[in-house]
Amino acid sequence: MLCLSESSNTESSDDAGIQELDESSDEDDYNFCDTRQSFSDSAASPDMRMKHSNSSNDVQQYNHNFVESRSGKGENECLLLPPKRRTKLPEPVEKEKGVSLWSMIKDNVGKDLTRVCLPVYFNEPISSLQKCFEDLEYSHLLDHAYDYGLKGNSVMRTLCVAAFAVSGYASSDGRPCKPFNPLLGETYEADFPENGIRFFSEKVSHHPMVMACHCEGRGWKFWGESNVKSKFWGQTIQLDPVGVLTLEFDDGEIFKWSKVTTTINNLIIGRLYCHHHGTMKISGNRQHSCKLTFKQQSFLERNPRQVQGVVEDIGGTKVATLRGKWDESLYCNVTNDGVNSSAESTLLWEKHEPPTNPTRYNLSSFAITLNELTPNLKEKLPPTDSRLRPDQRHLENGEYDKANSEKLRLETRQRMARKMQDNGWKPRWFDRDTEDGAFHYTGGYWEAREQRKWDGCRDIFGELPDKKTYPVPASVGI
Ligand SMILES: CC(C)CCC[C@@H](C)[C@H]1CC[C@H]2[C@@H]3CC=C4C[C@@H](O)CC[C@]4(C)[C@H]3CC[C@]12C
């Protein structure tokens, strides 16, 4: 495995595991304004007629409890609007260098690839914690799922949950770089009132590398962990996710599923791309469950990236089907009385348009916003937030040499992570449940943020206070 998940290797690098602002958005997190704005996504809205239409500007009733009246009356009412987010990354300070992955690993052919140190140039300016949040770009599907369920439409609820589970893969298309491997105890918060969600994640284990996350939306909670087992096959790497994702609606309905296998292709020659394949069983605790198949890619496949699925009731009767592509869109057909209805299929989900000027990282518009650090936000963050990680910030700014040296410094520091874990280090915000073995959010993050009380949050990105207090064990790999 080429630097993807950690190995217990002694000399491997932390590759283990491998602004210009558009608007003056840094003034305040919130802008007060007197026009009502809508941030809704339309596909799969419960109020929408079942057609392929995609009108994205309807103001929908389930949106934005954050849009509150400030003055409380009349035409001049002032509404609290969400922050304006940036639409592009900063212009790089230095010119981009053309370094091929092959040039980095060619001298290591036949060697253990976990020992190959990749320079920061192969990273994207996003940490794996932030990448977990990318799975929630289409969280409106869960809002719709909640509403459908309340209206008694359990089939549409299940279909929306399935569409959500697939939508998380959309942003992996055409992304050739490796996210930063967070430091032990690194956190990431995402307060997205415009999407009605609040997300939090923490790296809870370094060996094996595990990240736990927790997200609250309108009518639902979603949590899980991100941990992959990887196998290196030479030209490809296979990633098998470990752990279960859980979605719980406020009315008590729960869905659980695991992610499918991801294969990263053309590591050595050709254009690097990833492909997702396997079966995803989304099990519900009430009326319906869904089985999705991400098709295996073959040389003859004229239609790659396909996903197909069926929704079944507890008796095993097929009540709906679903098909589409994980990098494009998904449609469903609801079966009536066991007979496939001839009516046209319904659009459940469609990928957002890519940004107009993509960078070499090929981030989506949503991903571009995730590492933005406004002065106002900076004041509120704990010292462990990914946005404060210096090498990642330098990379984002296109300061490659600074990024590289900071990365080396932090990796040296990180070498004591295993020692810390062995010595009983515990995550600050998550706890492993003794019953189901999963990490659960212990709560209190947003409350601590309110009071700016970050007790127990170490300065993980700074200089080590004293090497004697934290000896770097010679035999510990990262
Ligand atoms: C050698 C270097 C430059 C290769 C770059 C590899 C990139 C494409 C790899 C590195 C880490 C990978 C991610 C690691 C873990 C997961 C979780 C899984 O459930 C979905 C895929 C996803 C999100 C992977 C997508 C591909 C990924 C981003």
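Just so you know, ligand 1 is whichever comes first in the structure, and atom 1 is the first atom listed for that ligand. For reference, positions follow the sequence shown, starting with 1. Predicted, not measured: the structure shown is a model, and the values here were computed from it.
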Any sub-3.5 Å donor-acceptor pair from Asn266's side-chain atoms to Arg271's backbone N or O? yes

Need the ligand 1 atom indices (1-based, order shown) with element for anything under 4.0 Å from a heavy-atom of Arg175. 8 (C)

Within ligand 1, which atoms have a heavy atom of Pro241 less than 4.0 Å away? 19 (O)

Within the 4.0 Å heavy-atom cut-off, what Ile264 brings close to ligand 1 is side chain

Any heavy atom of Cys177 closer to ligand 1 than 4.0 angstrom? yes

List in chain and number order the residues that pass salt bridge (Lys or Arg N to Asp or Glu O under 4.0 Å) with Glu225, two or more places apart in sequence or in another chain; answer none if no residue qualifies. none

Show which atoms of ligand 1 fall inside a sub-4.0 Å distance from at least one heavy-atom site of Lys259. 19 (O)

With the threshold set at under 4.0 angstrom, would you say Pro176 reaches ligand 1 through any of its heavy atoms? yes

Check whether Phe192 forms a cation-pi arrangement with Arg85 (NZ or CZ under 6.0 Å from the six-membered ring centre, at most 45° off the ring normal). yes

Applying ring-ring contact (aromatic ring centres under 6.0 Å, His included), run through Trp220 and Phe249 and close with a yes or a no. CA-CA 4 Å; Trp220 53 267; Phe249 289 103; 7.8 Å; no

Does Ser172 come within less than 4.0 Å of ligand 1, judged by its heavy atoms? no

Which atom pairs, one a donor and one an acceptor, fall under 3.5 Å between side chains of residues 159-171 and the rest of the protein, sequence neighbours left out?
unit_1 : atom_1 : unit_2 : atom_2 : d
Ser167 : OG     : Phe164 : O      : 2.8
Tyr169 : OH     : Val260 : N      : 3.1
Ser171 : OG     : Glu134 : OE1    : 2.8

Give the contacting part of Lys131 toward ligand 1: side chain, backbone, both or neither, where contact means a heavy-atom distance below 4.0 Å. side chain

Would you say the side chain of His440 lies within less than 4.5 Å of the side chain of Asp431, judging by non-hydrogen atoms? no

